[in-house]
Amino acid sequence: MQRSTLAKIGLTAVVVLGGGGFLVKSSIGHAQHYMMVHELIASGMDQWKDKELKVHGIVEGKTIVEDTVDQETRRTFVLEKEGKKIRVFSAGPKPDTFKDQSEVVATGRLVPAASMQKIADELCARPGTDKNPKPACPIKADAEQPLVVDATELMAKCPSKYKDGPSVKIDTNFKGQ
Amino acid sequence: MSGHTPFSPIALVGTIALLTAFLAAAWAFAAGIAGNALKKKRLVNSAVYGLYGFAALIALASSLMIYAFVTHDFSVKYVAATSDVTMDTWYKVTAFWGGLDGSLLFWVLVLALFSTIAIAVNHKRHHDMIGYVVATIMVVQIFFLALLIYTKNPFATFLTNPPVDGKGLNPALQNYWMVIHPPSLYTGFVAATIPFAFGIGALASGRLDDMWLGSVRVWMLICFGFLSLGLILGGRWAYEMLGWGGYWAWDPVENAGFIPWFTATAFLHSAIIQEQRGMMKTWNLLLVVITFFFTIFGTFMTRSGIVKSVHAFGEDNVLALQFVAFLALILVVSLGLIIYRQNKLSTKTEFDSFYSRDFAFLVNNWILLACAFFVLFATMFPTISEAIDGSRVSVGPEFFNKWMTPLGLILLFLAGAAPLLAWGKTTRERLWNQFMFPTALAGVTMLALALLLPQTRHSSPLLADGLKLPVSLINFGVVAFVFGSIAQEFWRGARVRARQTGSDPITSLIGLTLAKRRKYGGYIVHLGVAVLFIGFAGKAYDRMIDRTIDKPLVTAKPGDAHSWKFGDYSFTYENMFHTSDDHKDAYTTQVSIWLDGKKLGTVYPAKWDYHKADGNLISQVAITPRYLPWQFDETAGAGDVYLVLTGYDLDSSQANFRVYLNPLIEWVWVGFLILAFGTLVCLIPQSLVDKLQWKPKTRIGRAADAGLLLAIIAGVTLGIAHQASAAPPAGGGEHVPAGMGMGNAGGGYAAQNRPQNDTEQKAMKELLCPCGCARQSIFECDCPTAARLRAKVQAVMAGADLKTDDGKNRAYKSVLAAFQTEYGGDILATPKSSASWLAPTIVVVAAAGVLGILGRRWMSRAATEGPSARAAAAAPADEQYADKLDDELAETD
């Protein structure tokens, strides 16, 4: 083989491997992990602090507290799976099927519970109504775990009757910004 | 309805049609291969008719399926699963491709239709490979048909009593965009099969000259056009229906359409290198193979459930296995053939210079391929990662954007730079001459934006977090560069043409575009891409807010408790209604949008609760476009005000709203329309242009005709635009636009009577075509006269002994002699016998001498430039341009 051909092949290999390596490295930095609540807690939560991830669990009954402050709707609730629990805070729209015992995937960052205590108190500041009771108040943000999920997006896992057919998930999925 | 017995004649006939089609396909496959391998013309013909018969049977099965939908034959499971009696007829028809089984049948139907056209056009021309082409297409058909018959038969019936009513089509799909988005993506996917079949045909038959490229290019362009259309419609659908304010979130199913788009685009460029420079034969075949591979892989990715997506067709391991086997077959056969034919594919030509169009095209190919593989990698990332360490990991849109932004910007730059470069090598003078204006325009644009709009100076990370650049500013600069480059190309081309034909600038511009449709159509596509990038840039500036308003008030004013403010806009929540009809309950809010204390309008964002959708609500988004000049507000800017009702409480009338301000987003749709227009210009058949050129005798008449043609294309394009701007009619009544009329599959006259051997080709290259103004040989020329003369060459040479060099030489000479006797010496590209060639030579030499003397005097006076030989370089810019244009008139098309 000619030297120039070898040089070309070598250069191509370097570019491809270098680019590929950089790509893999960069993708690891951006990877968003998807975990069940119990998997998250079992894996040691501290390593996920301030990282973005998706947490999948079931909304524990009577833990949803929601209120509107300055035209902004905020809520908090507890996600549970196999006996393990973690508290989630979120703002803005929620999936139409979001309720007690519904399956939810919360996308967001793990933050220290203490930093969300103020919001928890605000949510409990007004007494509940018949329609929107607040049985969980007052809330201690770190009662479940020292870290809570500050969610930008809630996604409901709902059984679809279109499983076999043309299934396009309907707007239960609001992209957070 | 077929009563209470599960028997359905439609299902029975449909199933029989599918089974018979299977047999026809098997026959066409076997006869095609045998016919070409054994050189049996009758077998090849029989394969071709087998393909036609197959298409007829599939058309029958599809008509039966549509009939079953329209007549509510719920004994057919598929009909019961995807339609119901209350649906509008249009949705019933489109429910045909609404589910997995039907969409597979639709795939087979479109491929049958396309292959019929492609084979009918190319049958005679490529007789020695058409059997292989038919066989390849039939393998693909057999694969999909086997899936249909064995696992996904759309004609399967209930064994028990059929339901009285169907389940209905997913309400999210009951939208006019959804009626056209999936079929156009499918159509794009399917169109990639034709180039693949011709590629395999060329490899199998060993006819690896540039002939097959011509047949393939048009289909790749159709593939490109439909993929673009499908992608943009998907974006528009997401924008209107999903309520998250965006149009593109790197969803795996959309990505599956995007990956072959990159490779198809790469092929459209690299095919030109092969035509012009004879290089990259293997590469082009690889691109054809890989584009087809990605279309099947994309289908596999989305249908087998290996990648999670909002489209979620559900997991299906059997289907996955079948697809993997088919994908492996494609790779093994095509790569095997490419390796087997390597000796016929190797080319000696090398790139001369980095400053050449060839090299720019090559870089373009690398980047497009890098894009394809990057999107593939990132889409598959969760699957790969789960396979490696079991953890479910995904990468978000930010990751895609971070990589695709720089790649996209380089591509955009090349879209402006490549047209400015010459084939082979670009001289320094020409570089300067060509790049000066576009570069200056880019510089001025960036400077003006940086000074006037400080937000464009904002830096964001590119590739790595550490590398921060003012991406928007760079983006707008590159867009300006492309505008400058394309405008300059049109301007200079039109000026040269105006001087040559003596017509006005507008006529020249239209004439130029029509004469070199591929070239200038391509430039229009580049322009469209640049406009798309203006829209993409807007993404960096979009903003979102969520507001919960406790009570509506009909007389609400900005500033009170029923209003909220976002950006420069104010919103007043005025009312909430609950209405219901046969299909749904609608919860509608009435909101007015205000700017500077003035009411801009009232919109009605809503949520629809379809009775058959199990509590899944569909958002009806209110989009208020504000981009027309008179709507422009200095602080609010131009763009969409996008309002979603995200939640409501009927008892208290409390409502949750989400507002997006999406600046510049309209340019995405406008850019696409320009791109579509350019693609259609590329696809205008030569025969149509010929008619225009021969019929009317006056210049004005010709211009009027040419203008009419472009107007028709613009009309078709704007027809799509109209769909985009039309508000969705309340309660259905939507319609699909008529077909786009991309029928012509052939390469026009250029493709007729192509040379069958080297001697014919040599002779054809030596004979000048009398029809055009440029000195094109009948080998290159695409007018009907050239096609007729090529046939004459073949007639003269028929029966000649071409086995020995001597025989070849004699045949060649006899052709030239025959033509010279009939047409005179002027027909020869290099006249030998007549003295007439002396005249132009003398004129040229004399002119060069005079120019040289003048130039020298002028130079010595200016004391800058040198010898007479470089007189041409000192000539005015557009003369140089005329030379370049002449070169290219001979080169392109």
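As the structure is a computational prediction, the values presented were derived from the model and not from experiment. Proteins come first, then strands; the chains are lettered A, B, ... in the order of their sequence lines, and each starts at number 1.
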Heavy-atom closest contact (A:Glu72 atom, B:Thr548 atom, distance): C-OG1, 4.2 Å

With a 4.5 angstrom heavy-atom cut-off, is it the side chain or the backbone of [X] that approaches chain A, or both, or neither?
X: B:Phe373; answer: neither
X: B:Ala378; answer: neither
X: B:Trp403; answer: side chain
X: B:Phe399; answer: both

How would you list, in number order, the residues of residues 106-117 of chain A that have a heavy atom less than 4.5 Å from chain B? none

Rounded to the nearest 0.5 Å, what's the gap from OG1 on A:Thr68 to CZ on B:Arg547? Could you check? 10.5 Å

May I ask you to test the B:Ile549-A:Gln71 pair for a side-chain heavy-atom distance under 4.5 Å? yes

Are the side chains of B:Thr646 and A:Lys94 in touch, meaning some heavy atoms are under 4.5 Å apart? no

Can you tell which part of A:Glu52 gets under 4.5 Å to a heavy atom of chain B, answering side chain, backbone, both or neither? neither

Taking side chain as everything from C-beta outward and backbone as N, CA, C, O, which of these in A:Thr73 sits under 4.5 Å from a heavy atom of chain B? Side chain, backbone, both or neither. both

Greater than 12 external heavy atoms within 6.0 Å of B:Asp560's CG: yes

Verify the neighbour count for atom NZ of B:Lys565: are there more than 12 heavy atoms of other residues, nucleotides or ligands below 6.0 Å? yes

ring-ring contact (aromatic ring centres under 6.0 Å, His included) filter on B:Phe657, not counting sequence neighbours, yields B:Trp564, B:Tyr573

For residues 27-37 of chain A, the salt bridge (charged side-chain N to carboxylate O under 4.0 Å, His left out) pairs (sequence neighbours left out) are none

As a test of understanding, state which of B:Leu645, B:Asn656, B:Asp546 forms a side chain to side chain contact (heavy atoms under 4.5 Å, CB included) with A:Pro93. B:Asp546

Ranking B:Ile545, B:Asp649, B:Asp550 by heavy-atom pairs under 4.5 Å to chain A gives rank one to B:Asp649

Of all residues at least two apart in sequence or in a different chain, which pass the side chain to side chain donor-acceptor pair (under 3.5 Å) check with A:Asp67? A:Arg126, A:Lys134

